[in-house]
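As a basis for the values below, the full set of heavy atoms in this structure was taken, side chains included, without hydrogen atoms, waters or symmetry mates.
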Amino acid sequence: MTMDDESPVLSMAMPVAIAPVLEKLEYRDKIAAQSLKEAFRRVENSHPGFCYRFVNGLLNRANVNIDTNETFLRLEGTTNNTDFHIRTDDGDVKELGMRAASLKKILSRIPDEINERAVFLETIKEIASAIKKLLDSVNKISPYMPTPESKRQLDYRKKEFVRYSKRFSTTLKDYFREGPKLRGDVFLSANFLIRQTNLILQTVKDAFE
């Protein structure tokens with residue numbers, strides 16, 4: 001199993017569960033909130049999955065049992081986390097950020113819409129369109145990446161994004177054939193696609209900031 005094949009919720013805990021709480025804390029104590037956020041980020045970078053285990057430990061201690069794939073997917077639609085925001089005046093890079101945010105918001109609606117077939121089919125069309133627009137933005141930016149290495153990294157991320165997009169499509173076909181028992185697979189596949197979107201954003205952010 002490669003790093004990209006690990007459960008996506010391991011990398012989603014920081015941006016969708018912990019960071020939004022700390023950003024709200026900034027209104028009360030900005031310095032403390034930023035220090036905590038940086039501490040969590042450092043530990044997460046050194047020990048990937050730490051934030052997920054931290055959140056999961058709190059839930060277990062409170063005897064709260066949730067489906068983390070479904071919950072984190074829903075949370076993606078409620079957060080405005082700045083971790084993947086790219087500070088730049090470049091119009092194409094800004095467009096990439098907006099299109100990535102749009103795709104993630106649409107994917108986050110899946111848990112609420114999956115049981116309404118007609119509505120869900122329309123959402124799938126929206127997802128397909130958002131995926132195409134995101135790839136168009138990546139193709140625009142790729143030739144202008146600052147270094148050959150950063151271009152190679154972005155091209156690799158694009159390739160992985162396409163791979164997980166195809167996996168998502170296959171999962172949807174299986175769901176419509178097999179029924180509700182594969183709901184969890186759809187949520188997981190959507191989270192994988194969000195993870196790949198975030199990796200594209202991180203690659204561009206690292207190159208342009």
Problem set entry | Check against side chain to side chain contact (heavy atoms under 4.5 Å, CB included), R177 and D174 | CA-CA 5 Å; R177 185 174 60 250; D174 291 342; 2.5 Å; yes
Exercise. Is there a side chain to side chain contact (heavy atoms under 4.5 Å, CB included) between T197 and L107 once you walk through the steps?
Worked result: CA-CA 11 Å; T197 302; L107 288 167; 5.5 Å; no
Exercise. With a 4.0 Å cut-off, would you call E38 and R41 a salt bridge?
Worked result: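 Yes.
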Donor-acceptor pair, side chain of [X] and main chain of [Y], under 3.5 angstrom:
X: S189; Y: D185; answer: no
X: E44; Y: C51; answer: yes
X: S142; Y: V138; answer: no
X: E160; Y: Q196; answer: no

Can you tell me how far apart [atom1] ([X]) and [atom2] ([Y]) are? Round to the nearest 0.5 Å.
X: I200; Y: L134; atom1: CD1; atom2: CG; result: 5.0 Å
X: L10; Y: F50; atom1: CG; atom2: CZ; result: 13.5 Å
X: S129; Y: I124; atom1: OG; atom2: CD1; result: 13.5 Å
X: L59; Y: T68; atom1: CG; atom2: OG1; result: 9.0 Å
X: L193; Y: F168; atom1: CG; atom2: CZ; result: 6.5 Å
X: D136; Y: I131; atom1: CG; atom2: CD1; result: 12.0 Å

Exercise. Does anything in residues 111-122 pair up under side chain to side chain donor-acceptor pair (under 3.5 Å), and if so which pairs, sequence neighbours excluded?
Worked result: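 Qualifying pairs, neighbours excluded: R74-D112, R109-E113, E113-T123, N115-R183, E122-K125.
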Exercise. Do any pairs count as a side chain to side chain donor-acceptor pair (under 3.5 Å) and have a residue in residues 53-64, sequence neighbours left out, and if so which ones?
Worked result: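 Every candidate side chain to side chain donor-acceptor pair (under 3.5 Å) pair involving residues 53-64 fails, so no pair, neighbours aside, qualifies.
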hydrophobic_cluster_shared for [Y] and [X], side chain cutoff 4.5 Å:
X: L182; Y: V119; value: no
X: L36; Y: L58; value: yes
X: V93; Y: M98; value: no
X: L25; Y: V43; value: yes
X: Y175; Y: L121; value: yes

Residues forming a salt bridge (Lys or Arg N to Asp or Glu O under 4.0 Å) with [X], sequence neighbours excluded:
X: K173; value: none
X: K94; value: none
X: D29; value: none

Which residues satisfy the side-chain hydrogen bond (donor to acceptor under 3.5 Å, both in side chains) test with [X], sequence neighbours excluded?
X: D92; value: none
X: D206; value: Q202
X: S11; value: R195

For this session: Go through the steps for N191 and I194 under the test side chain to side chain contact (heavy atoms under 4.5 Å, CB included), then give the verdict.
Result: CA-CA 5 Å; N191 281 335; I194 287 171; 4.1 Å; yes
Pair up each side-chain donor or acceptor in residues 143-150 with any protein partner under 3.5 Å, not counting sequence neighbours, and list the distances.
{"from": "T147", "atom 1": "OG1", "to": "S150", "atom 2": "N", "distance (Å)": "3.0"}
{"from": "T147", "atom 1": "OG1", "to": "S150", "atom 2": "OG", "distance (Å)": "3.1"}
{"from": "E149", "atom 1": "OE1", "to": "R152", "atom 2": "NE", "distance (Å)": "3.3"}
{"from": "E149", "atom 1": "OE1", "to": "R152", "atom 2": "NH2", "distance (Å)": "2.8"}
{"from": "E149", "atom 1": "OE2", "to": "Q153", "atom 2": "NE2", "distance (Å)": "3.3"}
{"from": "S150", "atom 1": "OG", "to": "T147", "atom 2": "N", "distance (Å)": "3.1"}
{"from": "S150", "atom 1": "OG", "to": "T147", "atom 2": "O", "distance (Å)": "2.8"}

Problem set entry | salt bridge (Lys or Arg N to Asp or Glu O under 4.0 Å) evaluation trace for D155 with K158 | CA-CA 5 Å; D155 289 344; K158 174 191 169 185; over 6 Å; no
For this session: Go through the steps to decide whether I114 and F187 satisfy the test side chain to side chain contact (heavy atoms under 4.5 Å, CB included), and finish with yes or no.
Result: CA-CA 10 Å; I114 194 169; F187 300 155; 4.3 Å; yes
Problem set entry | With sequence neighbours excluded, residues passing ring pair (Phe, Tyr, Trp, His ring centres under 6.0 Å) with F54 |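 For F54 the ring pair (Phe, Tyr, Trp, His ring centres under 6.0 Å) partners, ignoring immediate neighbours, are F40.
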Exercise. Can you list every ring pair (Phe, Tyr, Trp, His ring centres under 6.0 Å) pair that touches residues 10-33, not counting sequence neighbours?
Worked result: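 Sorted pair list comes back empty.
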For this session: Check whether any side-chain heavy atom of F176 lies under 4.5 Å from a side-chain heavy atom of F120, and answer yes or no.
Result: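 Yes. Closest side-chain heavy atoms under 4.5 Å.
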For this session: Taking the side chain as every heavy atom from C-beta outward, state whether T171 and L188 have any pair of such atoms under 4.5 Å apart.
Result: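 T171 does not reach L188 side chain to side chain.
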For this session: Could you check whether the rings of Y52 and F72 sit parallel, tilted or perpendicular, using 30° and 60° as the cut-offs?
Result: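 The rings of Y52 and F72 stand perpendicular, inter-plane angle above 60°.
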For this session: Please report the closest heavy-atom contact between L22 and A33, naming both atoms and the distance.
Result: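 That closest heavy-atom pairing would be O-CB, 3.3 Å.
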List, one per line, each side-chain donor-acceptor pair under 3.5 Å for residues 99-106, sequence neighbours excluded.
{"from": "R99", "atom 1": "NH1", "to": "K133", "atom 2": "O", "distance (Å)": "2.9"}
{"from": "R99", "atom 1": "NH1", "to": "S137", "atom 2": "OG", "distance (Å)": "3.1"}
{"from": "R99", "atom 1": "NH2", "to": "E95", "atom 2": "OE2", "distance (Å)": "3.4"}
{"from": "K104", "atom 1": "NZ", "to": "N198", "atom 2": "OD1", "distance (Å)": "2.6"}
{"from": "K105", "atom 1": "NZ", "to": "G77", "atom 2": "O", "distance (Å)": "3.0"}
{"from": "K105", "atom 1": "NZ", "to": "T79", "atom 2": "O", "distance (Å)": "3.2"}

Exercise. Does I31 CD1 have over 12 foreign heavy atoms under 6.0 Å away?
Worked result: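 Counting other residues, nucleotides and ligands, CD1 of I31 stays at 12 neighbours or fewer.
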